[in-house]
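Written out below as structure tokens is the structure these notes cover.
Keep in mind that this is a model prediction, so the values were computed, not measured. First the proteins, then the strands, lettered A, B, ... as listed; each starts at 1.
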Amino acid sequence: MVMSIRARLQIFMMIAGCVPLVVVFLTTHTLVGRAVMDSERDKASEIAAQLASHVAEVMDRAAGDLASLRGNPLLAGDGGEDYSVHLREMQRLVGVYEAFSDISLYSTAGYLLVSTNEDHPAFQDYTTWFKDALAGRTVISHPQRRLGADGLFLVVYLPVLTEAGEVCKVLKARLSFRRVMNLLERDNPSRRGQVVLIDQWGNLLSGPPGRELLEKFDPAVPMARWLNAPPGEYLDPAGRAFLVAGEVLGRGETKVGSSWILLVMRPMEEVQAVMRDARLTLLFAALLMIVVAIGLGLFLSHRIARPIIAAGKVVGEVARGNLDARMAPGGPAELSQFTALFNGMVEEIREHRAGMEKLVRRRTDSLRRNQAKLLRLSAHLRAAINNTNNGFLVEDRDGNIALANANFAEMTGVPRETLRGPAADLLRQLFAGRAEPAEGSPRFWETPPAPEEDVEAEIQLAGPQARILFVYSASLSNRRGARIGRVWSIQDLTAQRVLESGLRQSQKMEAVGQLAGGIAHDFNNLLTGILGNLALVDMELKGGGVKRGCESLRHAIQAGERAAELVKQLLGFSRRTRMDLKPCDANQVLNEVRGLLGPTIDPRIRIRVLTADRPWRIMADVNLLSQVVMNLAVNAIDAMPRGGQLTLRTANAWIGPEEARLHAEGASGEFLRLTVEDNGHGIPAEIQARVFEPFFSTKPQGKGTGLGLATSYGIVRQLGGWIALASEPGTGTRFDVFLPRSAAAEAQPATPPKPEPHESKLARGNHETILVVDDEEVVRRVAETLFAKLGYRVLLACDGLEALAVMEKQGSSVDLVLLDLTMPNLSGRDTFRELRARFDYVPVLICSGYLLDLDEMAAECGSRPDGFIQKPYAFDEMAAMVRRVIRSARAAA
Amino acid sequence: MKSACHAIHRIASTLGSCAALFAASCDQGPAPVAGAGGGDQPPPGITILTWDKYLDPDLLAEFERETGVRAAYETVENSMQFAQRMASQPGKIDLVVADDKTMLDLIRLRLVGPLERSQVPHFTNLDQDFLDQYFDPGNRYSVPYFWGTMAIAWRRDLMPEPPRSWRVLWDEGLQGRITLVDEAEDLLLAMMMALGRPPELAQGDSIETAGSLLAAQLADQHAAVQPITRGIESLRAGTTALLVTYNCDAVLLASEHPEVATFIPAEGAPMWLDSFAVASNSARPAEAHRFIDFMLTAGAAARSANNIRAASPNRAALAGVSPELRSNPTLYPPPELMRQCRYVRFEGSARREIDRALVRFYAQLRQQNPEPGPDAAVGRSQEGVARALWPPWTASP
């Protein structure tokens, strides 16, 4: 608030008048207070001094009176049993010395001999005062109360001396303290004032009426306060204020061995009444001075302020735009000068303003045109943004939302009106806890991007409006390259993703179908081998050709073993079974494949095997390699529906760098080449590149898996080689399999072919008993026949319950249990647990069509089976396994 | 030995006729720690004034361990010393343990100060029956410590079983074989109870009758009046068959001597109550309060009761008192007997009657044993009463 000159002048005058007044007032106030204090203290000191002298006088007189008794021969005399002489003398003394209320005589042992008072309470004296008296000193006690009497008493202990100057008795005289109290009451400083006497422990010796003597004067006040005795204010426990002056009476003055404190207390009300008069006078003077100062201020301000106020009015007119206003000339010299200057200045302003107004009009027109242009442009931009498919949000340089379209609100599921404020806050609010970024996408709502950073992220929104969004954000710059904000664009990928997911699902279904068809195809091939050969056996046996029948039978068994091998591969498909690498003779492999295929295929197809004389040895899993050749051969056969020639060939090949480059996986070096060639319809050039893809098949539905070539390709790559394809439609196809020559394999002999199973060579039993548990009757019968032929006794059970029943009856004679796992009623695992619990001495051999990990089963059932053999089993393996288990069980027993 | 000294104060508080007693007690107990005038500086810790062996030293040590405040104590030989020593040595004593009659005097002389109850939270452990007594209504000053009554101890092997009554004192078969504790006022009260007159209603004639009875009993039965230690010795040695004394002394003697039995007469007996109070000029009132509170805890009070062998007014401590003491009817009388026991304090005209009766009683004693010792005269008035007060027991031991 701005104060007027007039107000300032008035305030100044008031201060000028009041400051001296306050100074004088305070000084006088203090002086009056101090004077009153001093007067009170002087009064107290005077009283105290008087009192001290009175007390000293009383004490001195008493001591003086008693001094003459010290050598009193009547008292000093030995009374024997009769102290009547002493008593009469003491009664006389009480009469003479009016200060004494009674006198008693004590022996030096402290016993009361005689007293002038019948109610004397102390029959023996134990005080220190008495002991001091025995030492020859005259002692005065502290003031004390007495039972059965009012007021306080002092006790004077006076030694009575013999003629030789020895203490023979002690005289004890009591003096009433009343005389001292009377002195204090007489010297009260005022009507309502008090004189209080306390001892150095704060006990009341004389004091305000109504208080008990020897009580604490005020326990709340520490003694140091009184001992230092400064004059000052004191609030008694009832809350009354007193002005207190104190005087300490030292031991020398009290003569009782302790200090006393004399307090002269005057009610503050009385003291204040004195000061009140002085204050009233001062107040009156102050008011007068203030009135004078205000009057003076008003007068002066009027004189000085009037012309300034008039000038102020003209300035106000000019400020409101009236440039014709002018100050009137005249007035004091300073004001005249000011008036001339001011009027000249107003004239100049008036001229300048006319020029300025013209300029402003021109500029305003130009601005208006530009603004219209900008508005049109802005409308286009806005329409474009609002009509785009994407959500769109623009933030300004400070990170606040400048603009957002309806799609943005719709995609993020928030009302458009709420799209304002800091963009980072909005993004956090929209996505935190609700959005999950796709792999590799940043959580941009948690850590906002750096100013120049672009954001690309795919996120999944949870909640009722679940969506998949693609978020793109980039910094915005103006033409000069300065950053002016950031744009956020959101694309809804939800529908697209749904379509993709459907597509994937249908592809998966197709793949499964192809796989099933492929497996069926492979199995059909093998079944063809088995059934065809068995039919041949039948034929031969009917015709009596036993030798050729046996050969066909062996081929059937081989085909069956291949089928088992295939199933093993299928079971191990997900486990990626380890390759069993061994030195391998490729010629043997080709012969074996021919042996398998020969009798079963279309007779219009001729098989030709051309083997190298000394093929280089390779390291390979014979079974897998056979599978590769088989796959290629089956494909070749399928390519020749009207017959033709299938050629299987081995050759050593040295691959040079140039030749190696012809094939993507090719390498230079020494390789064994396995070739499968046909003269069928060939492979069209456009699909040659795809034949190794998994599930790719040109065969009708159900005839191929599309896995054959893919699996072969994988096996060959695992062996370190590759497959090359050359085909011409109408002419034929040729697959070359290149496998690296192995120096290690050269050093070892090739794995000999498996010995043919002969019953006579099977490990035989020794009349032991085997319990066969299996729900499949065919399997039970095979096992029964086999074990019977091997010289075992055989018991049969169709499930776990029956097996346990058999064990209950004949358990002691059973030497081995052969247990299937997949059975009705009681599963194989539960049966195994029961067997272990009840017949733990019998070894259990698991026989199952599934792959089984013995460690896993041990963990599951708490005990490890004694062995495992997979179905279908070879007789020699089974015979050996049974023999081994029985033997080790016996050894353990 | 607490009991002996404990009883002595009663003799002295009754009448000042105990010159030889002091000689006797001073021979037995240690001299007071500090009799001479003290300086202005209070000693570190607190100082307690009470009878000899009336505080358990282990508890004092435990208090010091717990609080860091050393608690020493000075002893008195009789209750007269309480007031005199506190008056002539202000600030030196912080705490006293005194009997009910002495406590009344200390309060009236303003030698003990008001109790800050807020600093004694365990006060609530005390049995209401022992609070708000005649000497300190509302317990503004004092906190009870132990209580008891007068009782009779007798020898099973020296006399047939007596009736449970004060009348046994007139049994002619016991002539010359009765000893009374030197506690004339309490003996006088016992006489009034024996006569079936409530002492609190005592008037001039009943007091006179009781006084005469007591004097006559002494004369006819040749009973001895002896300080407690001598009385106990007589009973133990068998030179007396029956002793009138305080219950805690009687129980102590019975526990030491197999042939001594005790009882409280069915007519009732005078009671006593010892209490703590803080000296008005104590320099350490806070510590003194703290000590009182410590002694009021159930554990400390129970240990005191067991070690000092006196009855505790602390209700919370009773569970910790040994069953042997707890079940002793002489220490904790059954309720019907308790109703017959009471504190007695004479005031005003009754007081003067009692004093006169006691003067006559001691005159009687003097006639029976006219052998006063040196320095034993006690003056009562200019009428020469002092000459009548030659206690017979002042002959030097």
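- Between chain B and the residues Met90(A), Arg88(A), His142(A), the most heavy-atom pairs under 4.5 angstrom are made by His142(A).
- Residue Arg178(A) qualifies as enclosed at atom CZ: its count of foreign heavy atoms under 6.0 Å is above 12.
- Contacts between Asn203(A) and chain B at a heavy-atom distance below 4.5 Å involve the side chain alone, from C-beta outward.
- Comparing Pro114(B), Ala87(B), Ala83(B) by heavy-atom pairs within less than 4.5 Å of chain A, the highest count is held by Ala87(B).
- The distance from the CH2 atom of Trp201(A) to the OG atom of Ser282(B) is 12.5 Å, given to the nearest 0.5 Å.
- Distance check, rounded to the nearest 0.5 Å: CH2 of Trp129(A) to CD of Gln89(B) gives 9.0 Å.
- Looking at heavy atoms from C-beta onward, Leu109(B) lies out of side-chain contact with Gln144(A) at the 4.5 angstrom threshold.
- Judged purely by atom type and a 3.5 angstrom limit, Lys216(A) uses its side chain to pair as donor or acceptor with the backbone of Ser280(B).
- Between the CD atom in Gln81(B) and the OG1 atom in Thr127(A) there is a gap of 11.0 Å [rounded to 0.5 Å].
- For a residue to count as touching a neighbouring chain, one of its non-hydrogen atoms must lie under 4.5 Å from one of that chain's; by this rule Leu213(A) touches chain B with the backbone only.
- Annotation: side chain of Glu212(A) is in contact with side chain of Arg110(B) (closest heavy-atom distance under 4.5 Å).
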Go through the steps for Asp125(A) and Gln84(B) under the test side-chain contact (heavy atoms from CB on, under 4.5 Å), then give the verdict. CA-CA 7 Å; Asp125(A) 198 305; Gln84(B) 292 191 24; 3.5 Å; yes

